[in-house]
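Predicted model, so just to flag it, every value in this text is computed and none were measured.
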There are 2 protein chains.
Amino acid sequence: MTKIRKRRTLKDVAEAANVSEMTVSRVLRKSGTVSAGTRKTVLAAIDRLGYVENRMAGSLATARSNQVAVIIPSLSNHVFTEVLSGISEMLDREGYQAVVGVSDYSIAKEEELVYSMMSWRPAGFVVSNVRHSPKTRNVLLNADIPVVEIMNLPEDPIEMCVGLNHTEAGRALAAYMVTKKYRRFGYVGWNESDYAAAIRFQAIKAELERHGFGIFAPDLFNRPPNLASGKSGLIRLLEQAPDRDAVFFSNDTAATGGLMHCLQAGISVPDRLAIAGFSGLESGQNLPKRLTTILTNRYETGRRAARNILQQLSNTPVRLRWDMGFELIEGETG
Amino acid sequence: MTKIRKRRTLKDVAEAANVSEMTVSRVLRKSGTVSAGTRKTVLAAIDRLGYVENRMAGSLATARSNQVAVIIPSLSNHVFTEVLSGISEMLDREGYQAVVGVSDYSIAKEEELVYSMMSWRPAGFVVSNVRHSPKTRNVLLNADIPVVEIMNLPEDPIEMCVGLNHTEAGRALAAYMVTKKYRRFGYVGWNESDYAAAIRFQAIKAELERHGFGIFAPDLFNRPPNLASGKSGLIRLLEQAPDRDAVFFSNDTAATGGLMHCLQAGISVPDRLAIAGFSGLESGQNLPKRLTTILTNRYETGRRAARNILQQLSNTPVRLRWDMGFELIEGETG
DNA sequence: CTGAAAGCGCTAACAC
DNA sequence: GTGTTAGCGCTTTCAG
């Protein structure tokens, strides 16, 4: 292994090892039959020249790629980075690699990304909303590669889906809060571009109404929630409706912000005010009070999505729809 | 735009539009000269066939890629996802795309990733440790593409670096805590594979010693810190050394865990125990008490790293070493 | 403004 | 076990 002066090719290695390019190719791919001696010579040449294979050429020739495209809405929400970890980990062991695109919760940006990533002819595609532009859907539908939609369970999936039913999850959380005797509900969150959050909110609202209760949801954020917006959202909500006894947040991060405000302002939780989140992040379970929330299985969702793609690629029969479920965490905040 | 039955090629589009492949290629790249009429026909054909360009072929032919490889240690630390956002955002506007690899803080995994990612012949490479295996360094050094090391300022960079001096940062934080009259220091964190954290710890220790104070650092974590380990780490530390009056944590997340424990256990912060973190994450500044910490410029670091690569690619003169500095946040915890 | 020929670096399929 | 030929889908170069 010494200095590389110039990009080497198979040909260089072949010449250096006094064999044909095909032999080098066979050594590289560990496929086919190469004598032990030849292999050794070739490997030595590869090392000496510092040769790194060119997969563009390889994939072009075989029409097979080891890249799997993954589009997530955001990198700053652990929900998505955890699912991504699950995907990466599973792909890794089969020699595949995740290529990540971030859509910023935008359907237009997703469309751009789909085209851009598709131009690399990935082996499979993972997307994480239910809503897609018609073009996006069309490209995905006709690409002739495995496609998985994650985090949700669409009525009409493109091909495969791995996720949970957000309506059921919202309903379960609301039902629980009702059994805990809370009555004057509020909501703080961001539903604008987060379709799953919007669905959950609708389900929460419906379930509360079914029991004869309303929910006060004043102004919603115009950006994905963080601690600060959870905090300020709760402050504004309490200004407008000081009588609330329980607040749902669109996710754990916002809920944590809310709890932080209560701790700071001396609002007793859950006696004076109950707090419910969504996701079951590690961070929400290590606060002074464990967050009451819905735990979703992000890591397993990621692994399952990747496994589905791998199975499709190897023509293994595979279930197309995976409900990964959820779990109510009866924490200490509500 | 209708159903695609089979992967289309330039040739299909050319035939459909009754022109040569070259003309289609010219339309696609907006380069060269094509008459308005021809362009219109070609675009219509592209749309009708649902053609998506094949960049493997294109990049192979031009020996140019729009992919920039980025290796970060972890996706569950906002520090790295923020820097990644900065990189992505900057690359995006120039039509480049980040391809992300996660090394899990492992030098061996990084080496694997470098080979694997290099095989796609990226336009540039971003790595985020100072420590690399000799092979990694060699491959990066000789790849003949722009390479940036981020988050640190190595003595002997591969080519370019954008980051901060962790020794100075650690020293500044320690010096501040000394001025605040804390005297019996402790340390909770994970230095094992996080080289930057290890450097900061050494700097903190040295600065305290310079003032005649020691620091008690019992057992360190064996995994990257999260709230839970920050919490349990502090608990163990206080069991062994109940007299501590100030504790440094290896990052804000661990420090937040520590603060959560104090809130829960009724330990008054900073009166009974001061807490210092590192990073200046949003989450640490929205707790019941703002964390005392060092703010680093992750987003700008990412943008700068990407810009450096873009400039190198366009042969624009560029500064190779960027000290992005840091800022002491005199919070309410110490 | 448009097209034809050659080739990017690799591999499938077949020969030897 | 190893080599030869053809070609993956695109772009470069040079004609016209």
Under the salt bridge (charged side-chain N to carboxylate O under 4.0 Å, His left out) test, residues paired with [X] that sit two or more places apart:
X: B:Arg223; answer: none
X: B:Arg298; answer: B:Glu82
X: B:Glu89; answer: B:Arg93, B:Arg303
X: B:Lys11; answer: none

5' precedence on DNA chain C between B:Ser35 and B:Leu60 (nearest-nucleotide basis):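 This one resolves to B:Ser35.
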Those residues that, when tested against A:Thr62, pass side-chain contact (heavy atoms from CB on, under 4.5 Å) (two or more places apart):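 A:Arg64.
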Side-chain touch A:Ile150/A:Val126, heavy atoms, less than 4.5 angstrom: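 Yes, side chains in contact.
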Worked verdict on B:Ser59 versus B:Arg121 for side chain to side chain contact (heavy atoms under 4.5 Å, CB included): CA-CA 9 Å; B:Ser59 287; B:Arg121 297 292 185 271; over 6 Å; no
Distances under 3.5 Å between nitrogen or oxygen atoms of protein and nucleotides 11-13 of chain D:
from	atom 1	to	atom 2	distance (Å)
D:dT11	OP1	B:Arg29	NE	3.2
D:dT11	OP2	B:Ser25	OG	2.3
D:dT12	OP1	B:Arg64	NH2	3.1
D:dT12	OP2	B:Arg29	NH1	3.2

How close or far is atom [atom2] of [N] from atom [atom1] of [X], stated in whole angstroms?
X: A:Arg8; N: C:dC8; atom1: CZ; atom2: C1'; value: 17 Å
X: A:Met56; N: C:dT11; atom1: CE; atom2: P; value: 13 Å
X: A:Trp120; N: D:dG9; atom1: CH2; atom2: P; value: 16 Å
X: A:Arg55; N: D:dG9; atom1: CZ; atom2: C1'; value: 20 Å
X: A:Asn54; N: C:dG7; atom1: CG; atom2: P; value: 18 Å

Non-neighbouring partners of B:Asn66 that pass side-chain hydrogen bond (donor to acceptor under 3.5 Å, both in side chains), sequence neighbours left out: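 Only A:Trp120 meet the side-chain hydrogen bond (donor to acceptor under 3.5 Å, both in side chains) criterion with B:Asn66.
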Contacts of type side-chain hydrogen bond (donor to acceptor under 3.5 Å, both in side chains), residue B:Arg131, not counting sequence neighbours: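 If we apply the side-chain hydrogen bond (donor to acceptor under 3.5 Å, both in side chains) test to B:Arg131, skipping adjacent residues, the hits are B:Tyr195.
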Nearest-nucleotide pick for A:Tyr51, side chain only, options being D:dT2, C:dG3, C:dC10: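 Nucleotide nearest to A:Tyr51's side chain: C:dC10.
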Is there a side-chain polar atom (N or O) of [X] under 4.0 Å from OP1 or OP2 of [N]?
X: B:Ser20; N: C:dG3; result: yes
X: A:Thr9; N: C:dG9; result: no
X: A:Thr23; N: D:dG1; result: no

Estimated bend of the helix from C:dC1-D:dG16 to C:dC16-D:dG1 (axis per five terminal pairs, rounded to 10 degrees):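 Rounded to the nearest 10 degrees, the bend comes out at 30°.
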